[in-house]
Participant: 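Could you have a look at this structure, given as structure tokens, before my questions?
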There are 2 protein chains.
Amino acid sequence: MSSTSSPVGSPISTRDRIVELADQLFYERGYEHTSFADIAAAVNLSRGNFYHHFKAKDDILDAVIELRRQRTQAMLDRWAAEAPTPVARISRFIHMMVMNGSKIRRHGCPVGTLCTELAKLEHPALPRANHLFILFRQWLARQFTELGRTHQADTLAMHLLARSQGIATLANAFDDEAFIHQEVESLLKWLHDTATATQASQGS
Amino acid sequence: MSSTSSPVGSPISTRDRIVELADQLFYERGYEHTSFADIAAAVNLSRGNFYHHFKAKDDILDAVIELRRQRTQAMLDRWAAEAPTPVARISRFIHMMVMNGSKIRRHGCPVGTLCTELAKLEHPALPRANHLFILFRQWLARQFTELGRTHQADTLAMHLLARSQGIATLANAFDDEAFIHQEVESLLKWLHDTATATQASQGS
DNA sequence: GTCTATACCCAGATAGAC
DNA sequence: GTCTATCTGGGTATAGAC
């Protein structure tokens, strides 16, 4: 069975190295602006050899999206396992913007910028890229549900997603680290207020 | 003197038609994904004739950014002239997302998506594109200053800009009109609270 | 100012030797 | 699995006739 990840204990396959480097380059330069030659050079492969691993550029994109999907899911699972309360879990999401601050300032949000680019290209892989957003949306909605906000869970999740997207876009445009911290503080306060309002309406 | 706009009363120049159509295509398809041939076809010009008006693709981009700058400035001036209070003016900005809802859902924010793309390309025109953001930022900050929030004016302006960027990104990804309305309502409430808090701290 | 023709380059993609 | 060589298309850009 052809797995998308290398077997346990084996050295990293050429295919995996291609996908890993393509992931980075797509993030830094954008999908369209990254050529086969760029990826081949990064992996130290000849262009011809490339087609042994991927028949077309779109195939690499699919593999990159699948890689991001797996890593995103793993990260969300980790947050859910490590943080004991919904508020702590949502805080993990918010803090991600500080953790990845320097990359966000340079290249924006990996999910948002990819979806925006693929939308302009009317690329067939767009739905799969959008699925990365859905992963976050559903995970956040679950946390708000556990907070007791069943009816507004999805609305709150979308609100938080939108806030984080806006922060990434402007942090990138203005290359502004202080702005990220400012908005993260604002979001943490919003989260606190949201959680408190929930307790109040439930009579705690 | 070579003006960037056609003289009063004269028919629209070929140059202006090129810039107008390029503006649309860059918005809908992205800058890199739009070719000379695409623009030439839209204007009904031969490719060769193109270079009579613009020596290079980057020159068209500069002209498009300048066009957007002028139109943005004119719009902000109009809002400032028509709306009597700072709150009414900021509301105009917020309502823009409803007015342009269908375009935003299809192509995102014209400013945000252009800046994001040019950042990935490390394009020399990026600072000029970012200036479009600055136009909004300074105009909004002025409104918050007039509201009495002198010290937090820029922070509030950036917050509002970020919120609107996030809304545009997610409305585009999920093609969701109801979401725009939801968030616009939330923003209007935030604006109301912000204005009320100002009055309270000033003893009205 | 507008056209046709064309040069030039780079990207994606293929063939086939090793 | 890796390489070199090569084809093809599309994109930017130029030359020169009308």
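In this text, all values refer to a predicted model and were calculated from it rather than measured experimentally.
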Participant: Under 4.0 Å, heavy atom to any atom of DNA chain D: which of residues 35-45 of chain B qualify?
Facilitator: B:Ser35, B:Phe36

Participant: In whole angstrom, what separates B:Phe54's CZ from D:dA13's P?
Facilitator: 13 Å

Participant: Would you say a side-chain N or O of A:His52 is under 4.0 Å from OP1 or OP2 of D:dT2?
Facilitator: no

Participant: Which one of B:Thr14, B:Asp16, B:Leu21 satisfies the side-chain contact (heavy atoms from CB on, under 4.5 Å) criterion with B:Ile18?
Facilitator: B:Thr14

Participant: Separation of B:Phe50 atom CZ from C:dT6 atom P, in whole Å?
Facilitator: 22 Å

Participant: In whole Å, I'd like the distance from the CG atom of A:Asp58 to the P atom of C:dA13.
Facilitator: 7 Å

Participant: Is any side-chain N of the basic residue among B:Arg71 and B:Glu20 closer than 4.0 Å to the acidic one's carboxylate O?
Facilitator: yes

Participant: Can you check whether A:Asn49 has a side-chain N or O nearer than 4.0 Å to OP1 or OP2 of D:dG1?
Facilitator: no

Participant: In this structure, how many angstroms lie between the P atom of C:dT2 and the NE2 atom of B:His53, rounded?
Facilitator: 5 Å

Participant: A:Glu32 CD to C:dC10 C1': how many Å, rounded?
Facilitator: 14 Å

Participant: Counting just side-chain N and O atoms, does A:Thr14 come under 4.0 Å of either OP1 or OP2 of D:dG1?
Facilitator: no

Participant: Which residue, A:Leu187, A:Thr194, A:Thr155, A:Leu191, forms the side-chain contact (heavy atoms from CB on, under 4.5 Å) with A:Leu160?
Facilitator: A:Leu187

Participant: Any salt bridge linking B:Glu146 with B:Arg89? Criterion: basic side-chain nitrogen under 4.0 Å from a carboxylate oxygen.
Facilitator: yes

Participant: Taking NZ from A:Lys57 and P from D:dG9, how many angstroms apart are they, rounded to a whole number?
Facilitator: 19 Å

Participant: Just by modelled atom types, is the B:Ser91 backbone N or O under 3.5 Å from a matching donor or acceptor in the B:His95 side chain?
Facilitator: yes

Participant: Measure the distance from CZ on B:Arg47 to P on D:dG11 and round it to the nearest whole Å.
Facilitator: 9 Å

Participant: May I ask you to decide whether A:Glu82 forms a salt bridge with A:Arg92, counting only side-chain N to carboxylate O separations under 4.0 Å?
Facilitator: yes

Participant: How many whole angstroms separate atom OH of B:Tyr51 from atom P of D:dG16?
Facilitator: 17 Å

Participant: Is A:Glu66 paired with A:Arg69 through a side-chain N to carboxylate O contact shorter than 4.0 Å?
Facilitator: yes

